Amino acid sequence: MKKIVLLCAAGMSTSLLVEKMRDAAENIGYECEINAYAISEIDTVKDGADIILLGPQVRFSLKKIAAQCPEIPVEAINPTDYGMMNGTNILEHVKTVIG
Amino acid sequence: MEGLEEVCFNIITNVGSARSDYIEAIQLAKEEKFEEAMEMVASGKKNFSEGHKAHGELIAKDANGELEAAGLLLMHAEDQLMSAEGFGILAEEFIALYQKLYERK
């Protein structure tokens, strides 16, 4: 079961995106756990994460988060996909990174 | 106009990108990459402008009484917008400061 972690400033806008991604995952039968958190919570939520995705508002922290989570791919979410809340595109991209 | 949720997301994405552009501009200035820093500031201004435009349409709707009850997501979008604006102001000051430090080396 893949664990996908989304981070943004308060965990609010990303939690809406999480719903769309969960729908997309169900549609394609991709087994995963997707959750959104405030970036301040990273230390408590990074364990066991297969990938960490950052919303545009916190993209500037990418290097810092990547340094804190050396074994885990850390990426910024494509802003167009984020703006359109395109859970399908983002999930498809996650699959190309973590399988 | 699209639903309020879509507009909020549009605002958040644009001003959120601006927010990151501005902070990354400061990070570049810290590395003495001043030209790239100014390019990031320009990108930030462009992204902010997009978000501000979308937000401006909401104000007009609100004046006409067309806006549904403002929810938490709209408040969050507003927050992100003001935070991005503040970061933009400070980014220019910080870059000038790093420039000064560089010139005194």
Side-chain angles (χ1 to χ4, degrees), chain A residues 5-24 34-42 51-69 73-94, chain B residues 2-31 33 36-37 40-41 43-44 46-55 70-88 90-91 94-95:
Chain A
V5 168
L6 272 66
L7 299 176
C8 81
M12 188 170 13
S13 45
T14 33
S15 51
L16 285 168
L17 187 57
V18 162
E19 273 175 47
K20 309 271 177 175
M21 285 176 69
R22 284 183 185 154
D23 288 342
I34 313 175
N35 287 295
Y37 305 97
I39 195 163
S40 51
E41 299 178 79
I42 182 61
I51 186 167
I52 297 172
L53 299 173
L54 267 48
Q57 321 87 314
V58 294
R59 184 193 83 212
F60 64 87
S61 296
L62 194 139
K63 282 189 190 150
K64 192 169 104 170
I65 301 292
Q68 281 176 260
C69 311
V74 179
E75 294 189 4
I77 299 172
N78 176 286
T80 310
D81 289 337
Y82 191 91
M84 307 285 279
M85 290 190 278
N86 194 329
T88 305
N89 272 10
I90 297 170
L91 190 71
E92 290 294 333
H93 175 74
V94 165
Chain B
E2 330 141 277
L4 187 56
E5 188 180 276
E6 276 88 7
V7 177
C8 286
F9 241 82
N10 188 11
I11 294 170
I12 291 169
T13 304
N14 281 306
V15 304
S17 297
R19 213 172 94 116
S20 285
D21 284 343
Y22 290 138
I23 300 295
E24 286 174 12
I26 297 175
Q27 291 167 346
L28 285 163
K30 197 196 281 186
E31 295 168 21
K33 295 175 180 164
E36 287 173 57
M40 283 308 273
V41 169
S43 172
K46 190 158 158 264
N47 281 321
F48 184 80
S49 184
E50 285 297 311
H52 195 254
K53 209 167 70 182
H55 183 259
L72 199 58
L73 189 63
L74 178 57
M75 277 184 355
H76 184 62
E78 292 266 344
D79 259 354
Q80 291 293 303
L81 193 144
M82 293 316 294
S83 135
E85 202 212 19
F87 283 9
L90 293 176
F94 268 80
I95 290 169

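Since this is a predicted model, take the numbers as computed values, not measurements. Just so it is clear, the values below take in all heavy atoms, side chains as well, and ignore hydrogens, waters and symmetry mates. Labels below follow one simple rule: chain letters A, B, ... track the order of the sequence lines, proteins then strands, and each chain is numbered from 1.
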Q: Check step by step if side-chain contact (heavy atoms from CB on, under 4.5 Å) holds for B:Gln27 and A:Lys63.
A: CA-CA 11 Å; B:Gln27 291 167 346; A:Lys63 282 189 190 150; 5.9 Å; no

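- Within the 4.5 angstrom heavy-atom criterion, atoms from both the backbone and the side chain of B:Glu24 approach chain A.
- Both the backbone and the side chain of B:Leu72 come within contact range of chain A, judged by heavy atoms closer than 4.5 Å.
- Using bins of under 30°, 30° to 60° and over 60° for the plane-to-plane angle, the ring pair B:Phe87/A:Phe60 lands in the perpendicular bin.
- From B:Ile12, atom CD1 reaches atom CE of A:Met85 across 9.0 Å, with rounding to the nearest 0.5 Å.
- Here the shortest heavy-atom pairing between A:Tyr82 and B:Phe9 reads O-CD2, 3.2 Å.
- The number of heavy-atom neighbours closer than 6.0 Å to OH of A:Tyr37, taken from other residues, nucleotides and ligands shown, is above 12.
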Q | Trace of the side-chain contact (heavy atoms from CB on, under 4.5 Å) decision for B:Arg19 with A:Val58 | A | CA-CA 8 Å; B:Arg19 213 172 94 116; A:Val58 294; 4.1 Å; yes

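- For B:Asn14, no part lies under 4.5 angstrom from a heavy atom of chain A.
- The CG atom of B:Asn10 sits 9.0 Å away from the CE atom of A:Met84 when rounded to the nearest 0.5 Å.
- Taking both residues in full, the closest heavy atoms of B:His76 and A:Ala10 are given as CE1-CB, 3.8 Å, listed atom of the first, atom of the second, then distance.
- Looking at heavy atoms from C-beta onward, B:Asp21 lies in side-chain contact with A:Arg59 at the 4.5 angstrom threshold.
- B:Ser20 contributes a side-chain N or O that, together with a main-chain N or O of A:Pro56, makes up a donor-acceptor pair within less than 3.5 Å.
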